[in-house]
Amino acid sequence: MTDVVDSDELLRRIQRARAWAAQEERSWRARGERLGLEDPGDPGEARDAGIRAMAYGVVLRVLDEILTPGRHATPG
């Protein structure tokens, strides 16, 4: 990655990454719920989907903090 980008382009890239992470979180959360309802005998896939949704949620919170620093409450 040797491209030089200005701050506006960097902001656009972070915003796109945030939108993608939000969409992926919703997708994995819905998939986990669907798997849990359709096949309660195989919790492995539903658990995997839940873990992926949680991971995307963490990425989403980090990108939110980058885009709007200090706006998000820290657990204390």
With sequence neighbours left out, what residues match A55 under side chain to side chain contact (heavy atoms under 4.5 Å, CB included)?
-> none
Counterpart residues, salt bridge (charged side-chain N to carboxylate O under 4.0 Å, His left out), relative to E25 (two or more places apart) = R29
At their closest point, which heavy atom of V59 faces which heavy atom of A21, and how far apart are they?
-> CG1-CB, 4.1 Å
Search all heavy atoms of G32 against all heavy atoms of A46 and return the closest pair with its distance.
-> O-CB, 3.8 Å
Rounded to the nearest 0.5 Å, what's the gap from CZ on R18 to CG on L11? Could you check?
-> 12.5 Å
Just by modelled atom types, is the L35 backbone N or O under 3.5 Å from a matching donor or acceptor in the E45 side chain?
-> no
Considering residues at least two apart in sequence or located in another chain, which fulfil the salt bridge (charged side-chain N to carboxylate O under 4.0 Å, His left out) criterion with R12?
-> E9
Look at the side chain of T68 and the backbone N and O of D64, then say whether any donor-acceptor pair between them is shorter than 3.5 Å.
-> yes
CG-CH2 distance between L60 and W20, expressed to the nearest 0.5 angstrom = 11.5 Å
Where do G70 and E65 come nearest, in terms of heavy atoms and distance?
-> N-OE2, 2.8 Å
Taken to the nearest 0.5 Å, the spacing of W28 CH2 from D48 CG works out to 6.0 Å
When rounded to the nearest 0.5 Å, the distance separating CZ of R26 from OH of Y56 is 13.0 Å
